Amino acid sequence: MKEKKQILVSISGPTAVGKTNCSLSIAEHFKTEIISCDSRQMYREMKIGTAVPDPEELDRVKHHFIGKLSIHDYYNASMFEQDISSLSAELFQKHDILLMVGGSGMYLDAVLYGIDDIPDPDMKIRERLILQHETEGLEPLTAQLKTLDPVAYDRIDMKNPKRVIRALEVCLSSGKPFSSFHTRSIKQRDFDILMLGLDIPRETLYERIDKRIDIMLEQGLEAEARILHPHQGLIALKSIGYREFFQYFDGKVSREEAIHLIRKNTRQYARKQINWLKRYKSMHWFHPDDVDGMISLIAQNQK
RNA sequence: GGUACCAUAGCUCAGUUGGUAGAGCAACGGACUGAAAAUCCGUGUGUCCCUGGUUCAAUUCCAGGUGGUACCA
């Protein structure tokens, strides 16, 4: 008895392009479930600013990973990759098609290619390096990396503090060069991955972004941010929509400026997402309204 | 209708004592292996309103036109 092909259908696209709506229709058509590939919708305290599907939408189709974390939890792309590996194994028992929906590029990479097994970050070392960067600048760190891992030194952007600190912390905690952990291989999986990308004209996208921000403000984004303000140092709260309100609460900008910044940063974020997604040669691009087109492409791939 | 002022990047405006121009805000391009909605790198995108005149050379000076603003009728 021949089994039907199992496909993980990834639906991605820039923020506000219309992923939720179109993925609900597709999931209903295939009577399947949705796994979120959105690094911020996982935090249950951040609902309005991350535009999670509303309760009625969550009721229509079973969603996974939304609200599974607290802002106080540590999480990363590698953990996401592990989570999706085990969850998909479980869900493919019931479904031949699974939807993965979201625009977090690095998480997508982790699913599509796998992510190398690198020792977990040692937070003490990381904090020490961050402190050193603040007090002495980037220079000593890049110099140290050059001796510990010349390969990484050549490969990594030496002007980017986060990259330099990351490489160094792995070298220091493992005793081996950071670059030695990179296998540059693609992980084999027992299911196919079909990449769908949503795209609309830039101008329309920006209109949708503005509209969405208006809705967030109506829904009480400011109040949500106010509650989270005491925790503004957390990584999760570096998110757009929150960090700008924190600047306002801290008296650094006016409320009007903060909202203006939210609009601008969201547009820039959307551009970066588009830029990231353009790299996937296997991406099939669709207008979000073309649900039928996506459904027939998925059906074709099942054969 | 008259007078004055203005017209330069997507927007607000600088500027060139005549040698084809630059700020802010926007916008755009790119990188990415455990912080990724993070972080980092890069780009001026222009018929200087139009037509003619003076000049080796006009976005700049002159004339006319067009559009705008203010005031007077």
Side-chain angles (χ1 to χ4, degrees), chain A residues 12-16 36-43 46 48-52 69 71 73-83 102-123 125-127 129-130 133 138 142 149 151-152 155-167 169-170 173-174 177-187 202-203 205-206 209-210 212-213 216 221 225 233-245 256-257 260-280:
Chain A
S12 52
T15 185
S36 171
C37 181
D38 186 305
S39 68
R40 301 295 148 147
Q41 290 185 350
M42 298 198 185
Y43 295 105
M46 298 159 55
I48 297 171
T50 61
V52 294
L69 299 174
I71 51 170
D73 292 332
Y74 176 75
Y75 200 72
N76 61 45
S78 174
M79 293 161 77
F80 178 74
E81 197 264 344
Q82 284 167 31
D83 286 345
S104 296
M106 194 177 178
Y107 286 21
L108 259 176
D109 261 22
V111 174
L112 198 57
Y113 306 128
I115 189 161
D116 289 319
D117 196 19
I118 301 174
D120 281 333
D122 181 328
M123 289 307 173
I125 295 179
R126 179 179 288 190
E127 275 161 28
L129 292 171
I130 290 170
H133 173 233
L138 201 52
T142 56
D149 188 350
V151 177
R155 226 142 56 185
I156 292 172
D157 177 6
M158 282 301 122
K159 287 179 179 168
N160 190 331
K162 290 199 176 170
R163 296 280 152 67
V164 175
I165 289 170
R166 168 65 186 152
E169 85 187 6
V170 173
S173 63
S174 69
F178 177 59
S179 58
S180 68
F181 293 100
H182 293 158
T183 61
R184 304 197 138 192
S185 61
I186 293 176
K187 177 159 182 168
R202 192 67 62 92
E203 202 183 325
L205 181 65
Y206 286 0
I209 286 173
D210 277 338
R212 164 176 282 186
I213 291 169
M216 285 177 180
L221 176 61
L234 296 171
I235 288 160
L237 293 175
K238 306 278 184 216
S239 304
I240 298 166
Y242 300 92
R243 51 178 219 234
E244 295 85 357
F245 263 119
E256 206 176 34
E257 283 166 334
H260 177 256
L261 282 171
I262 291 173
R263 295 188 193 286
K264 181 180 102 169
N265 291 335
T266 305
R267 287 194 293 268
Q268 289 183 352
Y269 170 52
R271 284 201 292 111
K272 280 189 287 185
Q273 286 178 299
I274 293 165
N275 184 227
W276 185 291
L277 297 173
K278 276 197 293 196
R279 295 186 313 160
Y280 298 123

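Just so it is clear, the model here is predicted, and its values are computed rather than measured. In what follows, chains carry the letters A, B, and so on, assigned in the order in which the sequence lines appear, proteins first and then strands, with residues in each chain numbered from 1.
To the nearest whole angstrom, the two P atoms, one in B/U59 and one in B/U47, are 13 Å apart. Separating the C1' atom of B/A58 from that of B/U8 is a span of 14 Å, rounded to the nearest Å. Nucleotides B/G15 and B/G46, compared at atom C1', are 15 Å apart to the nearest Å. Comparing B/G64 with B/G2, their P atoms are spaced 12 Å from each other, to the whole Å. For B/U17 and B/A31, the P atoms lie 43 Å apart once the distance is rounded to whole Å. Taking atom P in both B/A14 and B/C5, one finds a spacing of 16 Å when rounded to whole Å. Nucleotides B/G53 and B/G18 are separated by 15 Å at their C1' atoms, to the nearest Å. Spacing of P atoms, B/A27 relative to B/G34, comes out at 29 Å, to the nearest Å.
Atom OH of A/Y107 is separated from atom C1' of B/A36 by 7 Å (rounded to the nearest Å). When the C1' atom of B/A36 is taken as reference, atom CE of A/M106 falls 6 Å away, rounded to whole Å. Residue A/Q273 contributes atom CD, which lies 14 Å from atom P of B/A36 at whole-angstrom precision. Rounding to whole angstrom units, CG of residue A/N265 and P of B/C25 are separated by 13 Å. The distance from atom CG of A/L69 to atom C1' of B/G34 is 14 Å, rounded to the nearest whole Å. Nucleotide B/G24 holds its P atom 17 Å from the CD atom of A/E257, rounded to whole Å. For the pair A/L234 CG and B/A35 P, the computed distance is 14 Å after rounding to whole Å. Remark: P of B/G10 and CD of A/E203 are 15 Å apart, rounded to the nearest angstrom.
Residue A/P119 is classed as having no contact, given no heavy-atom separation below 4.0 Å to the nucleic acid. Here A/D117 lies in heavy-atom contact (under 4.0 Å) with a base. When heavy atoms are screened at a 4.0 angstrom cut-off, A/I130 is found touching base atoms of the nucleic acid. Using a 4.0 Å heavy-atom distance criterion, A/F178 is classed as a sugar-phosphate-only contact. Residue A/G114 is out of contact with every strand shown, counting any heavy-atom pair closer than 4.0 Å. Residue A/T15 is classed as having no contact, given no heavy-atom separation below 4.0 Å to the nucleic acid. Using a 4.0 Å heavy-atom criterion, one finds that A/Y74 contacts the sugar-phosphate atoms exclusively.
For A/N160, there are no side-chain hydrogen bond (donor to acceptor under 3.5 Å, both in side chains) partners two or more places apart in sequence or in a different chain. Under the side-chain hydrogen bond (donor to acceptor under 3.5 Å, both in side chains) criterion, A/K187 pairs with A/E81, sequence neighbours left out. With sequence neighbours excluded, no residue forms a salt bridge (charged side-chain N to carboxylate O under 4.0 Å, His left out) with A/D122. For A/R126, the salt bridge (charged side-chain N to carboxylate O under 4.0 Å, His left out) partners two or more places apart in sequence, or in a different chain, are A/E169. Partners of A/R279 by side-chain hydrogen bond (donor to acceptor under 3.5 Å, both in side chains), not counting sequence neighbours, listed by chain and number: A/D109. Taking the side-chain hydrogen bond (donor to acceptor under 3.5 Å, both in side chains) definition, one finds that A/S173 meets it with nothing, sequence neighbours left out. Scored by the salt bridge (charged side-chain N to carboxylate O under 4.0 Å, His left out) test, A/D210 finds A/R263 as partners (sequence neighbours excluded).
The residue among A/I235 and A/T183 whose nearest nucleotide of RNA chain B is located toward the 5' end is A/T183. Nearest-nucleotide mapping onto RNA chain B: of A/S104 and A/I118, the residue sitting toward the 5' end is A/I118.
If you check distances only, the side chain of A/D109 never reaches the base of B/U33 with a donor-acceptor pair under 3.5 Å.
Side-chain contact, A/D120 with A/Y74: no donor N or O sits under 3.5 Å from an acceptor N or O. If you check the side chains of A/S104 and A/D38, you find no donor sitting under 3.5 Å from an acceptor.
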(request) Any chance you could list the contact pattern along nucleotides 26-31 of chain B? Use B for base contacts, S for sugar-phosphate-only contacts and - for none, protein heavy atoms under 4.0 Å, 5' to 3'. (result) SSBBBB
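Contact annotation: A/R166 does not reach the phosphate of B/U33 (side-chain N/O to OP1 or OP2, under 4.0 Å). OP1 or OP2 of B/A36 has at least one side-chain nitrogen or oxygen of A/R40 nearer than 4.0 Å.
Classification of B/G34 as syn follows from a glycosidic angle within 90° of 0.
In this structure, A/N265 contributes its side chain and A/L261 its backbone to a donor-acceptor pair below 3.5 Å. Of the possible donor and acceptor atoms, one in the side chain of A/Y242 sits under 3.5 Å from a partner among the backbone N and O of A/G49. A donor-acceptor pair under 3.5 Å is formed between the side chain of A/R40 and the backbone N or O of A/A236.
Helical stems involving RNA chain B, defined as 3 or more consecutive Watson-Crick or G-U pairs under 3.5 Å, span B:1-7 with B:66-72, B:10-13 with B:22-25, B:27-31 with B:39-43, B:49-53 with B:61-65.
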